[in-house]
Amino acid sequence: MSSHGSHPDSKASESSIFKLIGKLGESPADSAIKKASDHALSHEHKRPEASAGLKSHELPRAEDVFDSLLHKRAWLPNRRGASGDNSSGISSLVYSFACLADLSIRRPNNDISTYFDLYPLYGSDPSEADEIRLKDGSGMIFPDCFFDDRLFFLPRASAVLLILFNRHHNYIARRLQLHGEALQDDDIFEMARYINCAHFRKIVQEDILRPLVGLSTVGPGHKSDVLSQLPEVPPISASKPEFKSFVEAALLYDLSPIMSGNDISYVESTLHDMVNVKADTISPSEFDAKVYTATANLNKRRQNHAGLQRGRNGRFADNDLARILYESTETPAQSSGQGISPCWRVMQIKTIDWARSFKACTLNEYRNFLGLKPLANFEEWTSNSAVAEAAKKLYGSIDNLEVYPGLQGEDGADSGYQLGYTKTYALLFDIVSRIRRRDPASEEIFSHLSNAKAAKWYIEDCKLENPDNGSFGTSMPKLLQRTLPREYPYNNIYGLFPLSIPSNTIRCLRSLSDTSYFTSAHNKEMRLLPIQPDEEHLPDTEKKRKPILETEKPQARVIRHLVTRNQISHVCNKPDSFPTMYEDNLKALTNGYGYFLGFDDEKRHDKDQMMSLHALIPDSGALDRYATSFAKMTKEFIEGRTAKGSSQSEDEIDVARDVVNAVCTRWVCETLLDYPLSGIGASGPPKNNSSETPIRYPGMHIVQTRVPWLHHQVVKFVSALAKVSGRVSGSEVPDPTIAHAAFAQLYAFVFQVIDTENQWQHRTKAVVTGKKIYEHVKNKLPPPSRVVNQSHLESLTHLFKEVLGPYVLKIVTEFTFGIKVQGQTAQTFLERAVNVNQSYPPSIGRPTNDRVIANVIGLAVVAAVKYAKVCTQAIDFYLQEKYSNELNEIIKLSHKDDAKSKKLLMGYIRESFRLNHPLGVWRRVAVDEAKIPCKGNNGTPSEFAVQKGDLLYANFSKALTADDIADGDLDDPMKVNPRRRVNAIQGLGLHKCPGIVFVDKTMPEILGAIFRLKGIRRAPGSRGRLVQFTTHPEPQDTDPKSFLSPDGMLHPFPQSLVVQYDRDNQQRVEAISEKRARIWSITPEKNNKNRESKMNRVKSAILIFVLSLMALILLTIVGICTLRIVIWSSKILLTVTIMFSKWVVSAGASVPALPPRTPAPSGPRPACLPPLTPIQPWQIVTMKSGSDGKLIPLEYTLKHRTAHQLSLIDIDAKDLAVSFWVDNVSVGNSPSVPLNKTDNCGEDYGECLRRGFSAGVIVVPKGKHTVRVQWIGVEQPGPDGRIDWGPQGGRRVAWSRDSCAA
């Protein structure tokens, strides 16, 4: 309603209630809440005095009051415009929710509740709740039902919201069951009800209260904590009277004046169908009789609601419920200055009579109670002269105007809900009063909850404000995303701002584009909203920026499951048609560059993958060094984090948090990111708190020393320096546990495609963390002056580093009293990454090191999180009782040191991954239509169509386990077979796992150390198992699974798995490979009898050191001479090769295939001296067909400091031969083979060579050269002169590149 008059209070004359109670230095909203809170405290046990006004027999008929003062026609013409829509952009969902609050307070049989206790869902006592309870020990209630029958006459969205609260109760009950406590059905039910009601109150406080105090539904909220934290609320004593709710307050929650046109139409139709007469003509008595007949003996558990039909599972379809809520969000609420719809006439008459039965006070008496000045006349009450005149005829004096029609007909403000001033302030006062109080009946319930493990989760879950949820801390989005997780994406405005119509949401958000709401969750490649119609003039660069938020109504996701390896391979080998869904999120973490796991451009993908692998695995000994490093760190964490068990003979350790996650994260931080972490002591002081314990701070290295006073001084100095520089405060030490949580946020944001309620939080934290890591790596990259080509002398000393270096380092370590000798560090990794980046020019317009930093971050995230998850789940898998035999075999293998045992141990890990890990990857359809192969009903080949925009879920778990769809080559697929080799488990196509050799080498070291713990077993209860949870009660394969942490919170990755083991005769937990590394250690002997033995070892060590040094000098002299001869010879050979290349080709000379499968070439070739260093390990690439029907050549340009060797093999069918070109000069062909498409060797390179598939090797001289591999035939053209390249549109080959020693 508009206000043209003034409404004075006891102190001032105002036109706005918020100006009335505002204070200098406070926001009007917070001032309003504070004043209402203070007033609530002083009036919580009082009722307005009802002494004045007309006697009951003098009051006008309720029918006359509605028809003259509240009926819609009494307010014509409409003063707010033809549409009558709320000018604040409030959606009709506000009214639907307010109906639930109204029904919670005004109950049947003249009962008025004091609390927001969700009476419509639960009823008021145990007997009523029993009508909807399952009582099966779970504490849950029957799905999608509720107790109150009065919702038949309310908007459909009211029933849908109550159904969501039903689902939310069951969600909470399932969460409470996870904690493994001995809770009875009644305990779980009451706790879940209590928490559910707290969420209901929270929505009232955060979402409904905002417009009351003049705030927008889209934007920052108020800062007042009126919802007391329950542990801080003093118990209600018997001497203090209980808070009472009176009839006047119960009348406040009828917001019928803002009921939307769509809701009015639905109510009219429902009432007509039920009572079979026009709603505006039926009398209250006729209405009651008709309603009683229609609702008698209804089965509340199976009753249909909102015009929807239940499914066979007893639930309503998620998309049907969401559709009703979408419509409610799109529909604006009405302005309250237009009266009430005639369909609501009978309900309004009943409300007026109900208020009179309680002897409700007059409007002016209620204003006195609220501290507002009484109105002087009807013209101050309403600016509508016709209504004011009608009220004067009915009541005579303004002092006789009843409170209910007075509240509904009063003029209001032009903001918020546009309710009357009296009603606005009264609602504010009453809401504050109700949410400040707790139902005394819940005292005992909360005492149980406070002592439960779920207490922390509950307090965190019901926290007053969570501004990091994408909706400025409002609470309704959590309800929507928990109960309809597939229908409400985390970044869609329909779910983030459901109480605002979309056009208003967009308008408000555009004004917030430069605020922290936007900047905390974006990078320069993104914008907040999609391009709007009035922004078409923006430049193309701006239009290409992808939006963070979705503004269109969510559409049902079409998800097609790929359940065979044939289907998955078909899709994954066509990245142009079926691209990944991860690229945008990867760009958000890497300053807009991305990571090769998200690249669908094969050339770009291959270059970046090769760069990463070259930096990670520079030589043949790198994997062994990494394995030793993993083994050493695993030993350190086990020894440092072990705690005493419940008995004197056992210890226990959290292998997920304190071993696996810690090892992976520490390795990533210290080897890839140059960010040293503390080795032990995350959960408290180290087990062995000696002076030899190294202490580290971010970016600082402290030398370990056995001199106590020196160690103390070093630590003291560095600690002081760290505090001054702001790196740490107090005794804070960076820890792998904290770092792993950050990496887990990054991984969840990138790869968890189906959204959860925490996905916005994942995004903001991931983007912030990504920016910090980006800047850290950027600062750690060596400057260009440090990145130089390796000299010939450095190349020569490679042999010394590989063979003699480790032994000399051990001798130096022993003779320097434990001083740590720095070996390979993260700086060497970063130097290699920068070096190889210079060989491949980066994208134009991007900083030189963007690609390096992006690849480092991507590699770090995958290694720290996915690797750890696979490892932890393997441990949990084999601790199951049904795999006890396999566990015994694993324990035996863990005590062996041979390569065969380690390979077998990795086989067990791979089998657990295949059988237990929910393995699947996402693709989207980017073409208008595509066909995917499948099997028909009779087993014959068939195919199904997919459309642009469909999502494809490659379900590797089913493809690798189910007999009927596993392509028929898995023998007993559900049985653990560590010797089984299933290449598809590593992925298929362009994005298959590139680091499988790294995993195979290092992961057995972690599991071996853990399974060597004597008598390893689970800890009792939920601590000793991985507890998983899905938000949806009927999960699908595509739904993400969360893991329960000890504090009751859910995380996307395993946080805790506690095992126990025997302490008696405990063997030292160390990797066998490390035992071998200890052959040079010298242990001081206290007994003089061992002195001679000690001296002999020292002499031997010195002798070996001297001999090693002499060998180094000799090798250096000989090597330099030899190297110069080789270089001179190579130059001559290269010249000869180029001059006679055409002759070689014409004479039929061919490039040699991989030895020893094919004979060596007859012509000269450049030399490639060993040892070889991988530049790009073996990789499968596809030569695609071009417009001319021929295969497009493979081509790359590489600037390398030494010569490099290119090796290539034809795979799949025997149908390919190629020629090799260096700088547009042909250097030979691979052997021509007879065409045989039935001879298929798959991806087994050795088998391809054994069968005589075409293959070849060339050596490319050092320097910058362009190499091309070109198809030269074998495949025969068809009748049309063109070659049929089949569904893959080309042919696949495997190739690798290795750096020569010279």
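All residue numbers refer to positions in the sequence shown, counting from 1. Heavy-atom basis, side chains included; hydrogens, waters and symmetry copies ignored.
The two atoms that bring A945 and R560 nearest to each other are O-NH1, 3.2 Å, heavy atoms only. Among all heavy-atom pairs drawn from L951 and W922, the shortest one is CB-CZ3, 3.9 Å. When all heavy atoms are compared, the tightest approach of K765 to Q745 is CD-NE2, 3.8 Å. Nearest heavy-atom pair, P933 versus Q567, reported as atom, atom and distance to 0.1 Å: O-CG, 2.9 Å. Closest heavy-atom contact between R482 and T1031: O-CG2, 3.1 Å. The minimum heavy-atom distance linking F749 with Q759 is given by the pair O-NE2, 3.8 Å.
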Margin query: Working note: T1038 + H561, criterion side-chain contact (heavy atoms from CB on, under 4.5 Å); need CA distance, chi angles, decisive distance, verdict.
Written below: CA-CA 9 Å; T1038 54; H561 290 244; 3.7 Å; yes
Notebook entry, point to check: Going through the distances and angles, do R315 and I163 end up as a side-chain contact (heavy atoms from CB on, under 4.5 Å)?
Noted result: CA-CA 10 Å; R315 295 165 52 91; I163 289 171; over 6 Å; no
Check: For T483 and L321, what are the C-alpha separation, side-chain angles and deciding distance, and is it a side-chain contact (heavy atoms from CB on, under 4.5 Å)?
Finding: CA-CA 10 Å; T483 54; L321 298 176; over 6 Å; no
Item checked: Steps toward side-chain contact (heavy atoms from CB on, under 4.5 Å) verdict (E550, Y494) -> CA-CA 9 Å; E550 298 174 358; Y494 277 74; over 6 Å; no
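Judged by a 6.0 Å distance limit and a 45° cone about the ring axis, R1297 is positioned over the six-membered ring of W1295.
T551 OG1 to N491 CG: the interatomic distance, rounded to the nearest 0.5 Å, is 10.5 Å. Here N955 contributes atom CG and D1037 contributes atom CG; the two are 5.0 Å apart, rounded to the nearest 0.5 Å. For the atom pair CD of Q1270 and CH2 of W1221, the computed distance is 6.0 Å after rounding to the nearest 0.5 Å. Between the OG1 atom in T580 and the CZ atom in R923 there is a gap of 6.0 Å [rounded to 0.5 Å]. Separation of atoms CD (Q481) and CZ (R486) is listed at 15.0 Å; rounding is to 0.5 Å. Residue T329 holds its OG1 atom at 12.0 Å from CZ of F497, rounded to the nearest 0.5 Å.
Taking 4.5 Å as the limit, some side-chain heavy atom of R510 sits within range of a side-chain heavy atom of L529. At a threshold of 4.5 Å between non-hydrogen side-chain atoms, the residues V1218 and R1291 do not count as touching. Side-chain contact check for P1052 versus Y747: every heavy-atom pair is 4.5 Å or farther apart. Looking only at side-chain heavy atoms (C-beta outward), V925 and F578 come within less than 4.5 Å of each other. Side-chain contact between L484 and L325: present, with at least one pair of heavy atoms (C-beta onward) separated by less than 4.5 Å. In this structure, V1293 and V1269 have side chains that are not in contact, with every pair of non-hydrogen atoms separated by 4.5 Å or more. Between L1216 and L1191 the shortest side-chain heavy-atom distance falls below 4.5 Å. With a 4.5 Å cut-off on side-chain heavy atoms, Y593 and I853 do not count as touching.
Between the side chains of N262 and E327, no donor N or O sits under 3.5 Å from an acceptor N or O. Judged by distance alone, the side chains of Q761 and Y490 never bring a donor and an acceptor atom under 3.5 Å apart. Looking only at atom types and distance, the side chain of N566 has no donor-acceptor partner in the side chain of T564 under 3.5 Å away.
Annotation: E552, atom CD; neighbour count of heavy atoms from other residues, nucleotides and ligands within 6.0 Å does not exceed 12.
Between D576 and K1184, none of the side-chain N atoms (NZ, or NE/NH1/NH2) sits under 4.0 Å from a carboxylate O, so this pair counts as no salt bridge.
Of the possible polar contacts, none joining the N492 side chain to the Y488 backbone as a donor-acceptor pair under 3.5 Å is found. A donor-acceptor distance shorter than 3.5 angstrom exists from the side chain of D950 to the backbone of Q947, with no hydrogens or angles considered. Checking side-chain atoms of S328 against main-chain N and O of L93 turns up a donor-acceptor pair under 3.5 Å.
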